[in-house]
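Just follow the structure's listing: the first ligand is 1, and inside any ligand the first atom is 1. Keep in mind the model is a prediction, meaning the values are calculated, not measured.
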Amino acid sequence: MIKKEKFGTMSDGREVNLFTLYNSSCEYVQLLDYGASIHSIYVLDKDGKLGDVVLGVDNADELEGRSYEGVTIGRCANRIAYGKFTIDGVETRLECNRGGHFIHGGSGNYANKTFAATMDEAQNCVTFRLVDTGEGGFGCYAEVAVTFTFDDNHELGIQYNIMPHGDTVICPTNHAYINLSGTGDIRDHLLKIYANYFAPKGEIGMPMGDRSQVIGTPLDFIKTRRIGEAMKDDLIGFFSSKPCIYDDSYILDKSGFGLAAELYSGETGRIMHVYTDMPALIAFTPYAKDMDHGKGGVFYTGYCAICLETQYIPNAVNCPQYTSPIFRVNELLHSKTVYVFNVVHSEG
Ligand code: BGC
């Protein structure tokens, strides 16, 4: 079942709609047409209680101030060194919107666009569509469709279909801030990542073509580990600053569509599995200092969430060693990520 209602009006007058997808366990996922965003994910805990496992804001006028919670990021998520890349000898210069480099789509980021929505009751899905006019320096247009499904197996599926009108880089992701306890510190969550290698950040703070083993580093989640313990177990001085923040790109072991990560909260018994056909996963643990927003009157502080963003490796467009995010004119990017929610009654 799908419900559509008005979410509110943004300060610039734009109307925002809220779409609710239910499953047969009375769980539901709420989506916004602004940013093709995941607004909430209400799933059961070990006591049979429903609770929201993603961060966000309560009101439409707070949407512009949010920190990418739940948004679709595109045309290209994460960083591109010096905001430039070359395809067949033709250089594209993008906006440098973070520290002399490009990040998260620049001014054309899908996070800040209102999409047109279509509901499909039979498939229990909502598709958000947009024409990307090449803002941010990309130039060529692209037709964008992002479809969210939610089903009785507690699976939230996200499918991207992006058709470029020229040769370009395409790397969409969803930037959900996940907390399987609802609120509180995610350092008590258990994490497993199906990756033996990561893409180390070079001198300019992003991958430059290398790969390194996770073993012996705080990035090692080959075996399930508590996030806070892995942070503390930093014998090699991996984290250059305090508080320790994960913001790293894992090169997933699987090929094709497969399991990327598992996240578990002992407090609620909720476990989430992430499946994707993307080659990489960014694990990002934002540390919120004085964040002046939240849902349900709760302001986010400290280690309030983890983002598990499926995508190409950051800066892959400039690194032939990594899977290429380059798409040619009329070459469709079709990609799928699925978050599956279940409950287990003891720590696994
Ligand atoms: C990136 C971080 C960045 C954050 C917010 C994440 O996807 O990996 O480096 O700070 O988004 O922009």
*Looking at the rings of His104 and Tyr68, which for Trp means the six-membered one, are their centres under 6.0 Å apart?*
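For His104 and Tyr68, the ring centres are under 6.0 Å apart.
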_If you apply the rule side chain to side chain contact (heavy atoms under 4.5 Å, CB included), what do you find for Asn179 with Leu55, and how did you get there?_
CA-CA 7 Å; Asn179 185 326; Leu55 273 45; 4.2 Å; yes
*NZ or CZ of Arg187 within 45° of Tyr303 ring axis and under 6.0 Å*: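 Not flagged: Arg187 not positioned over aromatic ring of Tyr303.
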*Measure from NZ or CZ of Lys336 to the centre of the six-membered ring of Phe257, then state whether that distance is under 6.0 Å and the direction lies within 45° of the axis.*
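Positive - Lys336 is close enough to the ring of Phe257 and near enough to its axis.
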*Considering only protein heavy atoms, which is closest to atom 7 (O) of ligand 1, and at what distance to one decimal place?*
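Going by distance alone, atom 7 (O) of ligand 1 is nearest to Glu309 OE1, 2.7 Å.
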*Could you tell me the residue and atom name of the protein heavy atom closest to atom 6 (C) of ligand 1, and the distance to it rounded to 0.1 Å?*
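Its nearest protein heavy-atom neighbour is His175 NE2, 3.3 Å.
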For [X], take its heavy atoms, then give the atoms of ligand 1 lying under 4.0 Å from any of them.
X	value
Arg98	3 (C), 5 (C), 10 (O), 12 (O)
Asp247	1 (C), 2 (C), 8 (O), 9 (O)
Tyr68	5 (C), 12 (O)

*Cluster overlap Phe128 with Met10, hydrophobic side-chain contacts below 4.5 Å*: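 Hydrophobic grouping puts Phe128 apart from Met10.
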*Does Asn78, backbone or side chain, put an N or O under 3.5 Å from an N or O of ligand 1?*
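Yes; the residue has a nitrogen or oxygen that sits under 3.5 Å from a nitrogen or oxygen of the ligand.
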